[in-house]
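FYI, side chains are in, hydrogens and waters are out, and symmetry mates aren't considered; it's all heavy atoms of this structure.
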Amino acid sequence: MAAVTEPRWIIHLPTTLTSHDAATDLAVALYDSLGHVAALDFGETTLSEEDRQHLRHRVWCDARLDGGQRCRLRDGHPGSCGTAGEG
């Protein structure tokens, strides 16, 4: 039987940005500034339009790598997976 775990909470942070690229740039800036905060799971970051929140777009690939790490390259990146600073 699997152990019961506490539910995780999601913070939805609306912005005044009006383009997908600008929202992605903000997500990257937040990762650069707050990536050291263990409570934040940036690998699961998604973006959505305000009125279409059911349609989400991943920011990072987040595929599992050897050693338990996750790919930190942009979603849809060319080539093989890696970590930020590679590729």
Side-chain angles (χ1 to χ4, degrees):
M1 176 183 249
V4 176
T5 60
E6 294 293 320
R8 294 186 341 161
W9 288 88
I10 307 298
I11 299 171
H12 301 276
L13 182 66
T15 72
T16 58
L17 302 171
T18 58
S19 80
H20 182 270
D21 288 341
T24 299
D25 290 346
L26 177 59
V28 171
L30 289 170
Y31 173 72
D32 289 345
S33 296
L34 299 172
H36 66 281
V37 179
L40 300 175
D41 184 0
F42 280 97
E44 294 292 327
T45 302
T46 58
L47 305 173
S48 65
E49 292 180 39
E50 182 176 26
D51 292 332
R52 295 181 5 169
Q53 293 183 33
H54 62 282
L55 180 59
R56 295 178 179 231
H57 306 272
R58 279 194 168 278
V59 175
W60 289 281
C61 171
D62 203 37
R64 292 207 182 267
L65 303 173
D66 292 338
Q69 292 184 309
R70 290 186 177 269
C71 178
R72 290 293 188 222
L73 300 176
R74 293 281 185 92
D75 192 49
H77 64 82
S80 60
C81 291
T83 57
E86 295 180 5

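Atoms CG and CG, on Asp62 and Leu73 in that order, are 11.0 Å from each other to the nearest 0.5 Å. Taking CD of Glu50 as the reference point, atom CG of Leu17 lies at 11.5 Å (rounded to 0.5 Å). One finds the CZ atom of Arg56 at 11.0 Å from the CD atom of Glu44 (value rounded to the nearest 0.5 Å). To the nearest 0.5 Å, the span separating NE2 on His57 from OG on Ser48 amounts to 7.5 Å. Atom CG of residue Leu26 and atom OG1 of residue Thr15 lie 6.5 Å apart, to the nearest 0.5 angstrom. Between the CG atom of Leu47 and the NE2 atom of His20 there is a distance of 5.0 Å, given to the nearest 0.5 Å.
The closest donor-acceptor contact from the side chain of Arg72 to the backbone of Phe42 lies at 3.5 Å or more, if one exists at all. Checking side-chain atoms of Ser33 against main-chain N and O of Leu30 turns up no donor-acceptor pair under 3.5 Å.
Ile10 and Leu13 are members of different hydrophobic clusters when ILVMFWY side chains are connected at heavy-atom separations under 4.5 Å.
Residues Ala27 and Val59 come closest through the heavy atom pair CB-CG2, 4.1 Å. For the pair Ser19 and Ala22, the tightest heavy-atom approach, listed with the atom from each and the gap, is OG-N, 3.0 Å.
Counting non-hydrogen atoms of neighbouring residues, nucleotides and ligands closer than 6.0 angstrom, the CZ atom of Arg58 exceeds 12 such neighbours.
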Inset, instruction - I would like to know whether Cys71 and His77 meet side chain to side chain contact (heavy atoms under 4.5 Å, CB included); could you show each step before the answer? - result: CA-CA 10 Å; Cys71 178; His77 64 82; 3.5 Å; yes
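Using a 4.5 Å cut-off on side-chain heavy atoms (C-beta onward), Val28 and Trp60 make contact.
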